[in-house]
Each structure stands twice: as structure tokens, then as C-alpha cells.
Number of protein chains: 2
Amino acid sequence: MELKRTADGEKGFEKVFAFLRERLLAGSLKPGDRLISERELATLLGVSRPIVREALRALTVLGIVEIRDRIGTVVTRPDVSVLNDFFTFALAQQADMLDDVMQARVAIECQAIRLACERANITDFERLQRALARIGETIDEADAGGMADFDFHRAIVVASHSETLTVLHSSMAGLLTHSHRSRRELVQAFPSMKTYLIDDHRRIFEAVIARDPERADATLRKHFAIGDEYRRRALVGDIDRTSASG
Amino acid sequence: MELKRTADGEKGFEKVFAFLRERLLAGSLKPGDRLISERELATLLGVSRPIVREALRALTVLGIVEIRDRIGTVVTRPDVSVLNDFFTFALAQQADMLDDVMQARVAIECQAIRLACERANITDFERLQRALARIGETIDEADAGGMADFDFHRAIVVASHSETLTVLHSSMAGLLTHSHRSRRELVQAFPSMKTYLIDDHRRIFEAVIARDPERADATLRKHFAIGDEYRRRALVGDIDRTSASG
DNA sequence: GTTAGCATACTGGTCTGACCAAGATCAGAC
DNA sequence: GTCTGATCTTGGTCAGACCAGTATGCTAAC
């Protein structure tokens, strides 16, 4: 963390960025605070306004501040969208990263469910239960079903009461929803998946209710493994057509 | 992922950003490619150069492109530093996030070690072994010891051959190194930690060598738990002063 | 005294045109 | 054929200006 001081040796952009970063990291600029106007900042640091805007824009994409048109620039609470953007771009340039991201998702969720077993409260349980019920109700719908599935998994992470895990998990949301949907589309054709989806999620739910981290982790991990297996089989057109008519 | 098309309805910055994003995500702009000059981009999109610079700066902090002075703007491979920046800022404004980040770290590493059991090759094993040896050698040094500890854990993640996990793990590196160092400083005072550090890491190493994901995960998780326990006791000045003189 | 309404100062959003320093390039000298 | 220097190009920056809304305060009407 090279906190370059605001020496004059720095280029314009770096000067402004460092100036603001210093105050942001030191805490003298807290979420909710409004920065001085771009013009003031420019004259204060002896740079031009476009440079100030560059720095503010940089902080904006980092989710640190928000530039409000004709209002001013205010400090915001760090947001997820940054990671979202990053993963979106990163994924685009390395398509093989998708499987990788899934691994990270498994990592996050398995840790989250352990924490959830310790920390979940009634509200969390209720949310999980609602999500579970919704999975059952929407088992025949691709869109709603995928969303219900996603909601359930998100509820697990939320129940961990870990901001970081939640942030990381959400940052992969865009990718996950796709995977959830495509998985759900398989359900229509292959009935055996219904059992898998409903039973698995209920078992996971029960493990959390029982506050049994090991069981919850193991069950969730198995759930992912089975899901992988289904998708793998789908690739070769196998699935369970042999045991059930489509 | 609202991929706003480059309609004229957008503001200047959004227009440029969307224009570039489109090409970045579509893959027509790949890492290594050089963008057209700022001036050309400006005239092409009908905006001024400062606006173009804002967009380029935004992509820069996202780690997507790199602006090289007097050379041009080139597309880079997505980098870790973005997440680093984000976590740095986020942590500064929510200090209580540190414990949270540790949880995420545990999540990443436990998943990584499972993958490592499957995917690790000779090179990975050797790197782990070196790191393990180094931990033993530097057991009495705070700085070098902390680094050896960190290297070992990083070697695990690297052995997972998962880009995403590596990226996430690295992004927490700054925070982790602190924690590693402070832990090592305890070693000097409390001899029993030496055994814990050396033996635990060896057990972890052995589990990976044995390619036993469950055992590796469990051992690593226990390793973290014991570390937590030590730190927790250190807070109340307990530790093992009773059984060993300082 | 209170309030509605408007003028004004201020804010972000953007543009134009310009200058600088240094890498890249190519023509011309050797 | 090679070296050298002028020139083109590139990013880095600045100054000043205009627009369009917001916020504020002052005035005028009730």
C-alpha cells in the first residue's frame, strides 16, 4: 500500500487521486460526506478540472464515491458493482474462467453455510424457508425456478452475516444466474432433476436449521457435485432418458 | 448486465465507456491490442478528449487497459490490483471487515486445497515442500517467518490451478500478510506455537501429497481454527505461559 | 408574519483549442 | 547501408467557456 504523499513530484492525476485516497483511507472522508466542488479541488491542488474529473471518475468506478449531476460528489459505502464489472471484463477475455468462477462460488458458499450455521437467526431461517418453498412451487418454470434457486443460495450467504462473503458472492451473481437458468431448462426435459433439486435444497436447509456446519458443508458440496454431474451428462446427451420419457 | 448499446442518447462518458466495453466484452479488443489514439476516439464518438480520457481512466482503474505515456492505450490482462484497491478502500471504511475478509480467505483456501489435491503437479509439490522447509528454517524470525507462512498458503492456492481463486486470494494478500506477521510475533514469546506452526503445515502438506481433499480441507480448517484460538487467547494475555516460560 | 416566486450563484457535464515532452518514423546526409 | 535529425504522433495537461439544472436567498404578494 504505497501511500504516496501528495508531493508536487506527482503527475496531476496521481496528485488528486492520492490526495483523495489519503483522506478516504484515513477516515477524514467518510461515507455520506460531500466532497468540495470540482473547481475548488482543482484550484486547491493546482490542477485543471478535467484532471480532477479523471480522479473522481476513477473513484467512481471503484465504487468509492458517487458523482451526482448538479449536486456534487459524495462518498458512498463500498459497493459490489465494482467486482461485478471486474469479473465481467475478466471473464470476457478468459472464457475458460467460467468454470473457475464456479469453483470460487462453491468456496464462498461452503464457507458461508458454515458461518450461517453459527450465526443465522430466525429471520434468516424464514428467508431460507421461503426460498425453499418457492423452489418447490416453481419447479416447472425455467425463469422463476432459476431465480428461486438463486435466491435460496443467496439466502445462505446472507445468513452467514459476512459482508465480504456476500460481496464476493454477489459479484458472481451475473454469471451464476445464467448457470442457474440453463440448469433449470434441463428440468423440463429430465424429470429426475426435480427430485434432486427439491430434496437437495431441503436437506441443505435442514442442516442449517440443525446448526451442523459439517453436514451443511458436505451436503452443499454434494449438491454442487451432483449439479455438475447433470450438466456433464447433458453435454453428451445422456441424462436419464433411459429411465424416464422426455 | 445492461449492455447499453452505443446509442446517441447516452452522455459523453457513458457513450465512450459503452463503446469500449462492447468491444472488450465481444472480444474484438483483446489483451495486447492497442486502442486508437484518444483524439481519434474523440472524433469518432463525437466527444471531447477529456471525456475520452475519463473513460480510459475508468478502464485503467478496472485493470482492463493501460495508458502508456506517449505510446498509446493498450488492453491488458485483467489484474488483481483492482480488487486490492477495492478491498483497501472498503476496509478503511469498515474496519470490522477484517475478520470478514479472513473468513473469505478461509473459504478460498479450503476450496483451493481441494482442487490442489486433484490438480497439483510435481512443480506444485516442490514449491509446497520448499515453503514448508522455509517455515521450519525461519521459525524464530518474525518477518521471514511470516513471509514463509504466507508463501506456503499461497503455494496451496497456486496449486489449485484456479485463476479466480488465485486472484481472490491475492487480493487479500495485503491484509493477510499483516495477520501472518503479527501471528509470528507471538511465536517468540510462546514456544508451543512453533510445534503448532510446523506440524500443522506439514500435515497439510502431507494431505495434499496424499491427494486427499477431505483430509486436506479438514486439516487446513483446523489449522485456521487453532490459529484463531491462539490469537483469541493472546488478547487476554493467556496463552501457555503456565506451561512454558517466556 | 408567512409564503409564493423568481433571480442568482453554484454544481456537474462538456467542448474547444492550445501547449508540452518524448517516443516513432522516415527522409536525407554520410 | 547506416546514422542522424526533423517531423509526426501520442499521451498529459491547461485555460476558459457554455449549458442545464439545483439550492438558496431575497423580494414581493398575501
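In the text below, chain A, chain B and the rest are named by the order of the sequence lines, each starting its count at 1.
- Scored by the side chain to side chain contact (heavy atoms under 4.5 Å, CB included) test, B/Arg154 finds B/Phe150, B/Asp151, B/Val158 as partners (sequence neighbours excluded).
- Every pair passing salt bridge (Lys or Arg N to Asp or Glu O under 4.0 Å) that includes a residue from residues 43-52 of chain B is listed here, sequence neighbours excluded: B/Glu38-B/Arg49.
- B/Leu41 has its CG atom 16 Å from the C1' atom of C/dT14, to the nearest Å.
- For B/Asp33 (side chain) and B/Val75 (main-chain N/O), no donor-acceptor pair under 3.5 Å exists by modelled atom type.
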- Item | Under 4.0 Å protein heavy-atom contacts per nucleotide of nucleotides 4-10 of chain D, with B for base, S for backbone only and - for none | ------B
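- B/Glu109 has a carboxylate O that lies under 4.0 Å from a charged side-chain N of B/Arg105, or vice versa, which qualifies the two as a salt bridge.
- No salt bridge links B/Arg134 with B/Glu141; every basic N to acidic carboxylate O contact stays at or beyond 4.0 Å.
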Side-chain donor-acceptor distances from residues 63-70 of chain B under 3.5 Å, at least two apart:
none

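- Using a 3.5 Å distance cut-off with no hydrogens or angles, the side chains of B/His153 and B/His169 do not pair a donor with an acceptor.
- Of the candidates A/Gln111, A/Glu163, A/Arg114, B/Gln103 forms a side-chain hydrogen bond (donor to acceptor under 3.5 Å, both in side chains) with just one, namely A/Gln111.
- Within residues 57-67 of chain B, the residues that have a heavy atom under 4.0 Å from DNA chain D are, in order of number, B/Ile67.
- Distance alone, capped at 3.5 Å, places no donor-acceptor pair between the A/Arg57 side chain and the B/Glu54 backbone.
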Grab the N/O contacts between the protein and nucleotides 15-17 of chain C below 3.5 Å, and write none if there aren't any.
{"from": "C/dC15", "atom 1": "OP1", "to": "B/Gly46", "atom 2": "O", "distance (Å)": "3.4"}
{"from": "C/dC15", "atom 1": "OP2", "to": "B/Ser48", "atom 2": "N", "distance (Å)": "2.8"}
{"from": "C/dC15", "atom 1": "OP2", "to": "B/Ser48", "atom 2": "OG", "distance (Å)": "2.9"}

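- The distance between atom CG of B/Leu56 and atom P of D/dT13, rounded to the nearest whole Å, is 13 Å.
- Closest heavy-atom contact between B/Ala120 and B/Phe125: CB-CE2, 3.8 Å.
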